[in-house]
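Working notes for the structure below.
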Amino acid sequence: MFKTLGGKILCLFLFVSLISMASAVVLRFMLLADFEEYRQGELMDRAQLVTAALEATYNETGNWSEDRVARDALRSLMLGLDITVYDDTGSLVISSARAFDNLPPVMKSRVEGAMKALRLGGQGDSMDFPLFSEGRRIGTVEITFLEREKDVTYMARADRFLALSLGLTALTVIAVSFGLTKAITSPLHQLTRATSDIGKGGHGQRVNISGKDEIAVLSRSFNLMSETLERQEQLRKKLLANVAHELRTPVAAMRAELEAMIDGVITPQPEALESLLQEMARLTSLVEGIEDITRAEAGSLTLSTESFSLHLFLQNMAERFQPLFSKSGVELGVDCREDEIITADPEKLERILVNLLDNAVRATEAGGRVTMKGAREKGRVVIAVVDSGRGMDDTVRRNVFERFFSTRPDGLGLGLSIVKELVEAHGGTIDVRSEVGRGTTFTITFPALHTVS
């Protein structure tokens, strides 16, 4: 039992319950002890009243008068005390029983009625009390305390109530302990089974979540982890399939051209070699893109960060791309304060903007405009590439950063995926907003002072 968590929890509940029940028993004895002490004190008070009354009766007459002492014996009987009085020589003076027997029938009925009202039961303890008059011992009174039914009933009811409460408590504790133990261990068993399945290569395992306690939080974390693993596995399979597909095209083209050259179908002219070179460039670009993504995901992408003027950097990028934009009839502008400073890897940032500007000029018709904006917002540096081109629909916008997703027949679909990885390697984020026919805005947010070593 102690080897399982459920057994340990159950034993803990039972142990705590046993302590509680033991405390209840101890409390019962303490309460009854206090009650008995109170009862004994009250009996002693009545005994003192009786001895005082007997001594006063003796002082009135100077001797033991049976008739007068009989009244005290009857009063004592109605107080729940059965007394027997002896003189100083030990001779019997009077007893409660004899005093009662000497009463007339009418008085007997009254005394009996009074005793019934007191609900006196059997005899209890007996004690002897000396009697004195003016410092001289005049006799002894033997007092037997008659048990009152209400005292006996109280103690019996207390015992029954304790036994009943302990029994119900024990049953309740056992039932609740099993219920709570199952409630605690059941989700843990689910987690154990699901974790074991994942360890064996399974994916997509989920556990039920109920409540808001620590186990529920753990279950949510497990489900999130399982979902992430499942998504990563799907991405891995998709990546392998896409890589195989993308590699197959240039390799097949190069093989076909080389076989044609070997067979003499194609003469190794500069044009044919140029075609091979283009396919080789496509293959090289694909391999480099995959390598960049792999490095970024593995956290091994090295950044050489430095602080520099964002305004000058954007101006240099604009000058570099100006011929391409002029050829396409698209205006390229820069909107950035001259004193704006950014901390980033210049080479990686250049690669990011090259990709975004290349996409922007392709998406913008002649007469349109592309603007590179740089500003500081809430302690962060924000770079935006805004174009007035044809825009994207919701499907394209949602998938634009996915690997191998491209809307161009000749596109590899890795450019924006690499951009996203490079931005996140800087600790930044990238977002896209677009509307069909009204242009697209790529927004990059960098930490204001971010250094990556």
Side-chain angles (χ1 to χ4, degrees), residues 232-304 317 320-330 345-366 389-390 392 395-396 399-425 442:
Q232 290 298 325
E233 179 65 14
Q234 292 173 352
L235 288 175
R236 184 185 68 83
K237 292 179 179 179
K238 181 179 178 181
L239 176 62
L240 290 175
N242 289 335
V243 167
H245 174 74
E246 294 295 333
L247 288 175
R248 187 181 298 113
T249 301
V251 169
M254 292 171 62
R255 179 177 179 177
E257 292 190 24
L258 288 173
E259 288 178 348
M261 290 180 184
I262 293 173
D263 294 339
V265 177
I266 298 178
T267 305
Q269 298 295 328
E271 294 79 6
L273 296 176
E274 180 69 24
S275 176
L276 285 175
L277 183 62
Q278 290 177 358
E279 294 297 334
M280 181 63 71
R282 176 182 172 88
L283 185 62
T284 301
S285 177
L286 176 63
V287 172
E288 288 178 349
I290 295 173
E291 185 179 21
D292 285 340
I293 291 177
T294 304
R295 286 179 179 177
E297 288 184 339
S300 59
L301 186 65
T302 302
L303 299 181
S304 299
M317 292 296 299
R320 175 180 170 183
F321 272 82
Q322 190 59 54
L324 175 62
F325 276 74
S326 297
K327 183 179 178 180
S328 301
V330 178
D345 184 328
E347 180 183 351
K348 301 299 187 295
L349 182 58
E350 178 182 345
R351 188 167 181 180
I352 291 170
L353 290 178
V354 165
N355 194 291
L356 295 179
L357 290 173
D358 183 66
N359 287 341
V361 73
R362 291 173 182 271
T364 306
E365 302 291 339
R390 55 180 173 270
M392 315 175 195
T395 301
V396 175
N399 295 281
V400 72
F401 294 112
E402 293 293 328
R403 300 164 191 164
F404 302 105
F405 178 82
S406 177
T407 57
R408 303 200 313 267
D410 60 340
L412 295 177
L414 289 177
L416 290 177
S417 298
I418 296 174
V419 166
K420 185 174 185 293
E421 297 292 346
L422 293 176
V423 170
E424 291 179 350
F442 284 91

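Residue numbers run from 1 in the order of the sequence given. Both backbone and side-chain heavy atoms feed into the values below; hydrogens, waters and symmetry mates do not.
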- Message: Under the rule for salt bridge (Lys or Arg N to Asp or Glu O under 4.0 Å), what residues qualify as partners of E424, not counting sequence neighbours?
- Response: K420
- Report the distance from atom CZ of R255 to atom CD1 of I262, rounding to the nearest 0.5 Å. 10.0 Å
- Please name all residues satisfying side chain to side chain contact (heavy atoms under 4.5 Å, CB included) with E350, sequence neighbours left out, ordered by chain then number. F313, M317, R320, V354
- Message: Could you tell me if the side chain of L416 sits less than 4.5 Å from the side chain of L356, heavy atoms only?
- Response: yes
- Note on the structure: Taken in chain and number order and not counting sequence neighbours, the residues that satisfy side-chain hydrogen bond (donor to acceptor under 3.5 Å, both in side chains) with E365 are none
- Message: For a quick test of reading the model, state the closest non-hydrogen atom pair linking P346 to S304 and the distance between them.
- Response: CD-O, 3.6 Å
- Query: Going from CG on N359 to OG1 on T364, what distance comes out if it is rounded to the nearest 0.5 angstrom?
  - Reply: 10.0 Å
- Ionic contact status for R351 with E347, cut-off 4.0 Å: no
- Message: As a quick check of understanding, evaluate side-chain contact (heavy atoms from CB on, under 4.5 Å) for L324 and V361, giving each step before the final call.
- Response: CA-CA 8 Å; L324 175 62; V361 73; 4.1 Å; yes
